[in-house]
Amino acid sequence: MDSLKEMYKSAVKESLLAVAKENNISVEDLNIFIEKPPKAELGDFAFPMFSFAKVFRLSPAIIASKVAEVINSDNSGAIATPAGPYVNIKIDPSQVADGVISRILDNVSYGDNSIYSNRKIMVEFSCPNTNKPLHLGHLRNDCLGESISRILKANGADVKKVNLINDRGIHICKSMLAYKEFGEGKTPESEGVKGDHFVGDFYVKFAQWAKSDESADVRAREMLVAWEKGDSEIYSLWELMNKWTVDGIKETYKKTGISFDTYYYESKTYDNGRNEVLKGLDAGSFYKTEDGTVWVDLEDIGLDKKVLLRGDGTTLYLTQDIGTAVARQEDWPFDQLVYVVASEQQYHFKVLFHVLEKLGYDWAKNLYHLSYGMVNLPEGKMKSREGTVVDADELFDSLSRLAREEIISKGRESEISDLDFTSDSIALAALNFYLLTVSPTKDMIFNPKESIAFNGATGPYIQYMGARINSLLSKFVDQVEGLKIKPEILSSDIERTLVAMLDEYPEFVAESGVQMDPSIIANFLYDLCKSFSRFYHDIPILVNDDRDAVFTRIMLSKAVLKVLKHGCSLLNIPILEKM
RNA sequence: GUACCCAUAGCUCAGCUGGAUAGAGCGUUAGAUUGCGGAUCUAGAGGCCGGAGGUUCGAAUCCUCUUGGGUACACCA
């Protein structure tokens, strides 16, 4: 069954054709636009008639009134009202509400669609360095990557989530060197510190040390060379410290609901990149200068020249990404590879994609950089040198603590079976909603105080609506047998709005998939919750002598909950029974 | 210097395949609970949609220029 929107769209189209015929006008393709009337009492869908005025040689207002007349004469489940140059259509709940509600409740996966079926999409995100724990910037990356993966899946794609651990390079050598100097054989276990924080502390220590001792940087570089040569002592320290960090980071992933299908490691792919570059050199795509450096000329895309391999044969960041991409295409031949990476790296990806094209890989055109903006603080930018970087674990824990305090202060502790789980879930909702409600491309300001607020457009508000509906449903202990949906009672503006919104939901899922933009869903869910809240506030649901009416509104609430759960799962926001 | 991104209410953000009086949240002011979770709801105040041209019946939305901010342009990652 078509959505209501489609139904009314074709009704308007047919009416227009009828009007055309009546006036002996031949029309070809009619492009029907739909929008929303400014107020719910005007209707649920609005059709502007401006664009038809020329062909019809009639004023938009006259066309509107004629179209409305035709629609009302067919019994189409719609009530049309001309309003100046617009035709407003109000859904007739008695005709359509039953269909919408049962379509949602009977469908196991309402909201899913198949626009990307048979499409293999790989999504790369997170990609942490192994010298320090995650910070707020990573959290935006993580929740965007996770959410987009889920959204693409809901649109029918076969999705593979991949991570790339940047486990190689000077940064990890700095932590290692500091550990050798000052570590005294301590371990995360012996100190009771999470591994990534443990290693990160040595990275900080190195920075302090290097300030007063110039030999520190020299020794770090020497260590990198030794590592590349395979020095066994350094190599095993490297393995040990990487494991500490990665294990710690994985704990954070677990807490924040992030997961990956495959982990790639830079240390394993950079060699591959070197081979690819050498192949390209043989093929004449690149060139070598006297000192042995391999270059690519990017003039054809309006850019400068770029080094792909150093004179001593060592690789660069870009080289490594070439190797990784090729390895991925071989491992799992994707139709599209999405890189969720901050907008600062747009130049890097432009170059990377072009180099892969030069190497003759025709799948290079299927690479996409999903670029997102920076996360700043109300006080300004996060700066590691000034120590204003917000640590991911600390942030999450403080949100969870505040959620717990709120539960306790509301005296709801006894209602909740698992306080830790519930406060963590609320923290996750607060964080993810706040980060995902902003369009990815935009820079944003993360206000910790606002994100944990329990009123307003926040994750906890959304969860609260879910909990309310759950509570409502659990109170409806009536015998359902014999009760039936009485769609005509859903005639108030707010009930009609709810029915129309639920009906439209799958379009939002599709749109957010095409745009790769979770904020489309986040904003929809907030609107839905707001509408539900108004409905809940204005209309007694359970208290009604007409048991069919109770049943009908319960079914409507159930449908709202189902859509809410579906949407929240796309945003990695848990819906709770109680909170 | 060159390229890309951004600019909407005091603050944080929607709206941008052009269409009705530009919308939310926070904050602020005033209200609502014998009815199901008030972590709620309603209403008021608050905008030359950075500026100037242009296209159009119609521009926050498209085009050009301009101003302000961000980012990138490493043999760092």
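Each chain gets a letter, A, B and so on, in the order its sequence line appears, and its residues count up from 1. Bear in mind the structure is a predicted one, so any value in this text is a computation, not a measurement.
Base-pair partner of B:U33: not found among the strands shown (Watson-Crick or G-U wobble, both distances under 3.5 Å). Across all strands shown, B:U17 forms no Watson-Crick or G-U wobble pair with both key distances under 3.5 Å. In this entry B:U12 has B:A24 as its Watson-Crick or G-U wobble partner, both defining distances falling under 3.5 Å. For B:A7, the paired nucleotide is B:U67, the pair qualifying as Watson-Crick or G-U wobble because both relevant distances are below 3.5 Å. In a base pair of the Watson-Crick type (N1 to N3 plus N6-O4 or O6-N4) or a G-U wobble (N1-O2 and O6-N3), with each distance short of 3.5 Å, B:A39 is matched with no nucleotide.
Using a distance-only test at 3.5 Å, with no hydrogens or angles considered, a donor-acceptor pair links the side chain of A:D546 to the main chain of A:D548. Proximity of a side-chain donor or acceptor of A:Q320 to a complementary backbone N or O of A:R274 within less than 3.5 Å is not detected. Under the 3.5 Å distance criterion, the side-chain polar atoms of A:T458 are matched with a main-chain donor or acceptor of A:Y461.
Looking at heavy-atom distances under 4.0 Å, A:N455 makes contact with sugar-phosphate atoms alone, never a base. At the heavy-atom level, A:Y526 lies under 4.0 Å from the strands shown only through sugar-phosphate atoms. Nucleic acid contact for A:A467: base, since at least one base atom lies under 4.0 Å from a heavy atom of the residue. Using a 4.0 Å heavy-atom distance criterion, A:D517 is classed as making no nucleic acid contact. Using a 4.0 Å heavy-atom criterion, one finds that A:E266 contacts the sugar-phosphate atoms exclusively. When heavy atoms are screened at a 4.0 angstrom cut-off, A:D304 is found touching no nucleic acid atom at all. Nucleic acid contact for A:E511: none, since no nucleic acid atom lies under 4.0 Å from a heavy atom of the residue. Among the heavy atoms of the strands lying under 4.0 Å from A:A46 is at least one base atom, whether or not backbone atoms are also near. Among the atoms of the strands shown, base atoms are found under 4.0 Å from some heavy atom of A:K578. If you check every strand for non-hydrogen atoms under 4.0 Å, A:I539 touches a base. Among the atoms of the strands shown, only primed sugar atoms or phosphate atoms (P, OP1, OP2) are found under 4.0 Å from some heavy atom of A:S533. Residue contacts for A:L316: at a heavy-atom cut-off of 4.0 Å it reaches the sugar-phosphate backbone alone, with no base atom in range. At a threshold of 4.0 angstrom between heavy atoms, the contacts of A:S439 are confined to the sugar-phosphate backbone, with no base atom among them. Among the protein residues, A:P60 comes within range of no part of the nucleic acid, since none of its heavy atoms lies under 4.0 Å from any strand.
Comparing B:A45 with B:A24, their P atoms sit 12 Å apart, to the nearest whole Å. With both ends at atom P, the span from B:C63 to B:C4 equals 13 Å, rounded to whole Å. Taking the C1' atoms as reference points, B:U29 lies 47 Å from B:A72, given to the whole Å. Across the C1' atoms, B:U40 and B:A3 are found 50 Å apart, a figure rounded to whole Å. With C1' as the reference atom, B:C13 and B:G27 are 15 Å apart, rounded to whole Å. The gap from the C1' atom of B:G23 to that of B:A60 amounts to 12 Å, rounded to the nearest Å. The separation of B:U61 from B:A14, taken at their C1' atoms, amounts to 14 Å, rounded to a whole angstrom. Rounded to the nearest Å, the gap between the P atom of B:C5 and that of B:C48 is 27 Å.
Note that CG of A:L278 is 7.0 Å distant from NZ of A:K288, once rounded to the nearest 0.5 Å. Taking CD from A:Q463 and CG from A:L576, the interatomic distance works out to 5.0 Å, rounded to the nearest 0.5 Å.
Residue A:M444 places its side chain closer to B:C13 than to any other of B:C13, B:C57, B:A77. Counting only heavy atoms from C-beta on, A:F454 has its side chain closest to B:A39 among B:C36, B:A39, B:U40. Side-chain atoms of A:Q346 lie closest to B:C4 of the nucleotides B:U40, B:C4, B:A20. The nucleotide whose nearest atom lies closest to any side-chain atom of A:T293 is, among B:C75, B:U40, B:A24, B:C75. Closest to the side chain of A:I445, out of B:U12, B:G25, B:A77, is B:U12. The side chain of A:A457 lies closest to B:G25 when the candidates are B:A39, B:C36, B:G25. The A:M374 side chain lies nearest to B:G70 when the options are B:G70, B:G25, B:A20. When the nucleotides B:A20, B:A77, B:A39 are ranked by their closest atom to the side chain of A:M579, B:A39 comes out on top.
Look at CG on A:N376: it is 9 Å from P on B:C13, rounded to the nearest Å. The distance between atom CD of A:E35 and atom P of B:G15, rounded to the nearest whole Å, is 16 Å.
A salt bridge links A:R496 with A:D44; the closest basic N to acidic carboxylate O contact falls under 4.0 Å.
Both A:Y347 and A:F50 lie close to RNA chain B; mapped to their nearest nucleotides by heavy-atom distance, the more 5′-ward contact belongs to A:F50. Along RNA chain B, the nucleotide nearest A:R534 and the nucleotide nearest A:W295 are compared for position; the residue whose nucleotide lies closer to the 5' end is A:R534.
Contact between the side-chain N/O atoms of A:Y372 and the OP1/OP2 oxygens of B:C6 is not found at any separation under 4.0 Å. Contact annotation: A:R553 side-chain N/O to B:C36 OP1/OP2 distance is not under 4.0 Å. OP1 or OP2 of B:A14 sits under 4.0 Å from a side-chain N or O of A:K442.
A ring pair (Phe, Tyr, Trp, His ring centres under 6.0 Å) with A:Y339 holds for exactly one of A:Y368, A:F125, A:F349; it is A:F349.
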(message) For A:F202 and A:F206: C-alpha separation, side-chain torsions, deciding distance, then whether ring-ring contact (aromatic ring centres under 6.0 Å, His included) applies.
(response) CA-CA 6 Å; A:F202 284 101; A:F206 177 89; over 10 Å; no
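With a 6.0 Å radius and a threshold of 12 heavy atoms from other residues, nucleotides or ligands, A:E214 has its CD atom at or below the threshold.
For A:D291 against B:C75, a side-chain N or O and a base N or O form a donor-acceptor pair under 3.5 Å. At a cut-off of 3.5 angstrom, the base of B:A20 holds at least one donor-acceptor pair with the side chain of A:N88.
Stacking of the aromatic ring of A:Y536 onto the base of B:C36 is found: the ring centres lie under 5.5 Å apart and the planes are inclined by under 30°.
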